[in-house]
S.K.: 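First the structure, then my questions, so here it is.
On a predicted model such as this, the values are computed, not experimentally measured, just so you know. For ligands, and for the atoms within them, numbers begin at 1 and follow the listed sequence.
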Amino acid sequence: MPRISLSRRLRRTPFSDGVEAAGVKAYTVYNRMLLPTVFESVEADYRHLKSHVQVWDVSCERQVELRGPDAGRLMQMLTPRDLRGMLPGQCYYVPIVDETGGMLNDPVAVKLSDDRWWISIADSDLLLWVKGVANGYRLDVLVDEPDVSPLAVQGPKADDLMARLFGDRVRDVRFFKFDMFQFEGRDLAVARSGYSKQGGFEIYVEGSNIGMPLWNALFAEGEDLNVRAGCPNLIERIEGGLLSYGNDMTDDNTPHECGLGKFCNTHTAIGCVGRDALLRVAKEGPVQQIRPIEIEGGAVPPCDRPWPVFAGGRQVGQVTSAAWSPDFGTNVSIGMLRLSHWDAGTEIEVETSDGMRRATVQGKFWI
Ligand code: THG
């Protein structure tokens, strides 16, 4: 296989030295930054994530910082989720849409104070869109990318590891809330969140220079907990129904097609870009939607392009993420299916890279 050449355009992270010392076997590129995808093997990493605790370099979840008197107003212009009840110390999963209602990103919004927010972005150049909106509407707000790199601590022993480093108070942080904790005299936001269903935290590491000291401290404190370097795991995130922007949805999809209608309050999200378009699609209802799908047979090959889905000889959708699940003994996958074929129990055929497979639409994700 050819390799990817490294250069300044493909950014390393404050933790890359630790990731490489831990034996990372594969990377992907996300927001023009390195994101580990495999340490031992996807299946071994999966088993370890579900049994112990892992430290993930998710620096590629870059922050778009909004600072100034119009920060809150700008944040509400960016998303159809109603932010009026959101307090400092809270995180919200927020669809971001363009003027047609198309998904531009599905980040986590972090409210630091009324006039300071972070948008923890998925893989698209959201900074450019946010700067464009801020300038186009002449808002009194600074928009930039700060030196903040999230480090996730995920898995059933995450609370124990984090308590050793930050004290028992960290156990009291509730889901999608954050509080401030000190490390080497620096105040860091620590949230109970992360791109897995195994539980855990995300540390918003402010200042690249404390990256490796924090990485090393987590491994020193967690030796007897069997802590390892890990990364977002393909199998586990499909089982949990965690969507991947650019894979499972693009700017061609509305939040409703993505099953993110529950994070939209389009009627009350006054001032949101794309509100009129979304009010129309919400009224009509989507004609395709994301669904969990079980694909029969042995382990499927990597899904590196959408796999067409057929029924009765006609295409009725596509599969965009798929993997063999050791725990469920089947191939788990995420696809976008037309309304006529999205009901649980519907039998379909998936044209994988190594041939046609029978498959069944599921009523819910596996975890
Ligand atoms: N954490 C942070 N930033 C991120 C991600 C993250 N940026 C990129 C990417 N992940 C954004 N996408 C997601 C997708 C799903 C979730 C978070 C970010 C998520 N969803 C939960 C679920 O669906 O069960 C909970 C949603 C809720 O109830 O609010 O966590 O992971 N910092």
Side-chain angles (χ1 to χ4, degrees), residues 13 28-37 49 54-65 78-83 85-87 89-97 103-112 117-127 130 145-146 148-155 158 173-178 188-206 230-234 236-250 253 255 258-265 290-292 320-321 334 364-367:
T13 85
T28 187
V29 179
Y30 193 101
N31 287 321
R32 293 171 279 118
M33 202 173 237
L34 292 171
L35 170 62
T37 56
L49 168 64
Q54 296 184 344
V55 178
W56 294 2
D57 175 4
V58 283
S59 302
C60 66
E61 298 169 353
R62 302 311 296 162
Q63 308 305 301
V64 174
E65 178 166 308
L78 296 172
T79 180
R81 185 159 177 184
D82 190 335
L83 304 177
M86 188 174 177
L87 301 168
Q90 290 188 312
C91 308
Y92 274 15
Y93 184 38
V94 289
I96 307 280
V97 300
M103 291 282 297
L104 291 179
N105 205 289
D106 68 329
V108 177
V110 180
K111 183 170 181 176
L112 298 158
W117 299 66
W118 284 336
I119 310 174
S120 186
I121 64 172
D123 187 20
S124 76
D125 287 331
L126 197 68
L127 181 65
V130 178
E145 183 183 300
V148 172
S149 296
L151 187 63
V153 178
Q154 301 284 297
V173 177
R174 308 311 302 169
F175 187 61
F176 265 60
K177 297 209 166 49
F178 71 87
L188 302 178
V190 176
R192 192 180 287 277
S193 57
Y195 199 64
S196 90
K197 291 284 192 182
Q198 303 309 308
F201 299 87
E202 290 179 305
I203 309 165
Y204 290 84
V205 182
E206 209 169 348
C231 50
N233 183 274
L234 178 70
E236 199 271 350
R237 76 109 181 141
I238 296 172
E239 290 177 351
L242 296 172
L243 305 181
S244 168
Y245 185 78
N247 286 320
D248 303 318
M249 73 280 207
T250 70
N253 302 117
C258 304
L260 301 180
K262 57 177 179 283
F263 300 111
C264 298
N265 322 90
I290 283 183
R291 284 290 183 272
T320 48
S321 298
I334 299 176
K364 51 185 171 48
F365 284 94
W366 295 265
I367 51 179

S.K.: For Thr37, which residues count as a side chain to side chain contact (heavy atoms under 4.5 Å, CB included) partner, sequence neighbours excluded?
M.R.: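 Thr37: side chain to side chain contact (heavy atoms under 4.5 Å, CB included) contacts with Ala26, Thr28.
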
S.K.: Please list, by chain and number, the protein residues whose heavy atoms come under 4.0 Å of ligand 1.
M.R.: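 Those residues closer than 4.0 Å to ligand 1 by some heavy atom are Tyr30, Glu61, Tyr93, Asp106, Val108, Ser120, Ile121, Ala122, Phe175, Phe176, Gly194, Tyr195, Lys197, Glu202, Tyr204, Leu242, Phe263.
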
S.K.: Under the salt bridge (Lys or Arg N to Asp or Glu O under 4.0 Å) rule, what do Asp125 and Arg62 come out as? Steps first, then yes or no, please.
M.R.: CA-CA 10 Å; Asp125 287 331; Arg62 302 311 296 162; over 6 Å; no

S.K.: How would you list, by chain and number, every residue that makes a side chain to side chain contact (heavy atoms under 4.5 Å, CB included) with Arg174, sequence neighbours excluded?
M.R.: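 Arg174: side chain to side chain contact (heavy atoms under 4.5 Å, CB included) contacts with Lys177.
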
S.K.: Which residues satisfy the side chain to side chain contact (heavy atoms under 4.5 Å, CB included) test with Arg192, sequence neighbours excluded?
M.R.: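 Result, side chain to side chain contact (heavy atoms under 4.5 Å, CB included) vs Arg192: Asp159, Val173, Phe201.
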
S.K.: Return yes if some donor-acceptor pair links the side-chain N/O of Arg237 with the main-chain N/O of Tyr195 below 3.5 Å, else return no.
M.R.: no

S.K.: For Ser244, does its backbone N or O pair with a side-chain atom of Asp248 as donor and acceptor, under 3.5 Å?
M.R.: yes

